[in-house]
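Below you'll find the structure, written out as structure tokens, and then a few comments.
The sequence lines fix the lettering, A, B, ..., with proteins before strands; numbering per chain opens at 1.
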Protein chains: 2
Amino acid sequence: MAESPLGQSTRDHEMAGSVRDGRSALSVTDRLREAILGGEIATGVRLNEVRLSQMMEVSRTPVRAALQALAGEGLLDYVPNRGFLVRTFPLSEIVDAYEIRAQLEGLATRFAAERGLSEQDRHIIEQALADGDALLAKGVFETGDMSRYRRINGDIHDTILGAAKNRMLGEMIRICHHVPVSSNRNIVAFEYRYVRRRHDDHHRIYEAILAREPHRAEALMREHIAGIKSSLVNSLRHQAPDTSEYRTSL
Amino acid sequence: MAESPLGQSTRDHEMAGSVRDGRSALSVTDRLREAILGGEIATGVRLNEVRLSQMMEVSRTPVRAALQALAGEGLLDYVPNRGFLVRTFPLSEIVDAYEIRAQLEGLATRFAAERGLSEQDRHIIEQALADGDALLAKGVFETGDMSRYRRINGDIHDTILGAAKNRMLGEMIRICHHVPVSSNRNIVAFEYRYVRRRHDDHHRIYEAILAREPHRAEALMREHIAGIKSSLVNSLRHQAPDTSEYRTSL
DNA sequence: TCAAGGAAAAATGTATACACTTTTCAAAAT
DNA sequence: ATTTTGAAAAGTGTATACATTTTTCCTTGA
């Protein structure tokens, strides 16, 4: 599924004006976003436009455009005459982000149940559910299964979101996913028994949507995400009682 | 897609080109935002960078920065190599925006009830409630009362939102308010009996927050906004059954 | 008459120069 | 030794030139 960050349709392009080494096929904005979300650039860091433009091998102009765009997506902060910083999220905001997601994705699910699923939507979700069933049938989680399930999970959520047919809602949910730990990139509690429960949630949600029960579908999705939040809070309680802010390594 | 010239007529004196005393100089971004939100620039219109820079009497560089930023706020769409358009909101999205607001402001109210109000917060809200009571005591709405109440309403909502202590939530709610009709700028149904009911909602919400009843406070706020949505839908049904998109007139 | 083609005009994308602000850091003053 | 200070360095803000793409519109051909 294509990325459509905040207010803009397909952000930029970059169609190699010259022979570029293969790595830079992505736009400056996309590369920067990846670097931030991937943790290559630590939170709180002040971004130097000159250095960035040298790294990316473009002038400052497209770099500034990218910074503006990413600030709009909520990934960066801007301070006049001092430039852009990678936004830091206090732990409280990370936890709250799950509440926001719960409300928003709950609403999206309600809309999907009201508006109905297309043939193709149903196909994608059923395939994902079946894949998940197969993955879980083994009874354990092996290497690579985690990323496999992440994709299954993404397909289901994205399809429901698409069926909600509301662009603004989609953009807001995407913003939630860009909050460091809130993103399913960094889901910690991917143990078998948790995944099993989540996957069962997906089945129930799908059934509620198919049955055209908006209220029930909404409640199930909210509960689904509340469960994820709960796992996170638990794992935070046991693992890292130290820092009050998310830190990226490197 | 007609390509109408933007600010065609009345843009006579916006800070005549001479010496700008540092204070009155709103940023290019702010001026553009005002123009869009105020309906001076119609939705769907493609923005011409050169023309804008001439209007604002700056070069294209700060204009582009402003466009990037506003796209980030969701007010503009961006199409590579074609520039920025004022985003259009289908009627369905306008109505949905109220649902989103209901969820989000409901959540903010819950947070406020959980986290509590500061002395100053309470003062502001109590003042606003008293002002509203006084305004309504007259039994009718006169000229100017509408904008007066709009301010009262804004104070209450803003204070609750502030007490929620969550930046992302605030940003998302702000985006909702930037959806054309969804904004309280353009609230249609400002008749006396509706305002009376809304104001009573405010009292109840405040009491629930003070009583530290998060769930009830949340429900009340959701219902409050659902009521506003309902008024809007009603007034739309009676007034303008024609267009599928909001048009700025004012 | 209308569609297709293509060159000119206009608009956006990028690079770069320079102005202005912030930051750094070493010398001077206490 | 510590603080102050101020000039150099570094960084951001803006203007502008040029490159590339899109749009316009007039010509040409069926």
request  = Measure the distance from CD on A/Gln68 to P on C/dG13 and round it to the nearest whole Å.
outcome  = 14 Å
key: Sub-4.5 Å side-chain heavy-atom contact between A/Val45 and A/Leu85   = no
query = Looking at side-chain heavy atoms only, is the closest gap between B/Arg110 and B/Glu105 below 4.5 Å?
reply = no
DNA chain C-proximal residues of residues 78-87 of chain A, any heavy atom under 4.0 Å = A/Asn81, A/Arg82
query = Any sub-3.5 Å donor-acceptor pair from B/Arg101's side-chain atoms to B/Ile173's backbone N or O?
reply = no
task = To the nearest Å, give me how far apart CD (B/Glu57) and P (D/dT14) are.
result = 15 Å
key: Phosphate OP1/OP2 of C/dA15: any A/Ser59 side-chain N/O under 4.0 Å   = yes
inquiry  = Can you tell me if B/Arg64 touches the phosphate of C/dG13, counting only side-chain N or O atoms and a distance under 4.0 Å to OP1 or OP2?
reply    = yes
task = Indicate yes or no: at least one non-hydrogen side-chain atom of A/Gln54 is less than 4.5 angstrom from one of A/Arg60.
result = no
query = When you check the gap from the basic side-chain N to the acidic O, do A/Lys229 and A/Glu99 get nearer than 4.0 Å?
reply = yes
query = Would you call B/Glu93-A/Arg167 a salt bridge at under 4.0 Å N-O?
reply = no
message = Between the side chains of A/Arg174 and A/Glu171, is the shortest nitrogen-to-carboxylate-oxygen separation below 4.0 Å, so that they form an ion pair?
response = no
message = Contact list please: residues 45-54 of chain A against DNA chain C, heavy atoms, distance less than 4.0 Å, in numerical order.
response = A/Arg46
task = Please determine, for the side chain of A/Arg60, which listed nucleotide (D/dT12, C/dA15, D/dT16) has the closest atom?
result = D/dT12
ask   = Any Lys/Arg nitrogen of A/Arg46 or A/Asp77 sitting under 4.0 Å from an Asp/Glu carboxylate oxygen of the other?
value = no
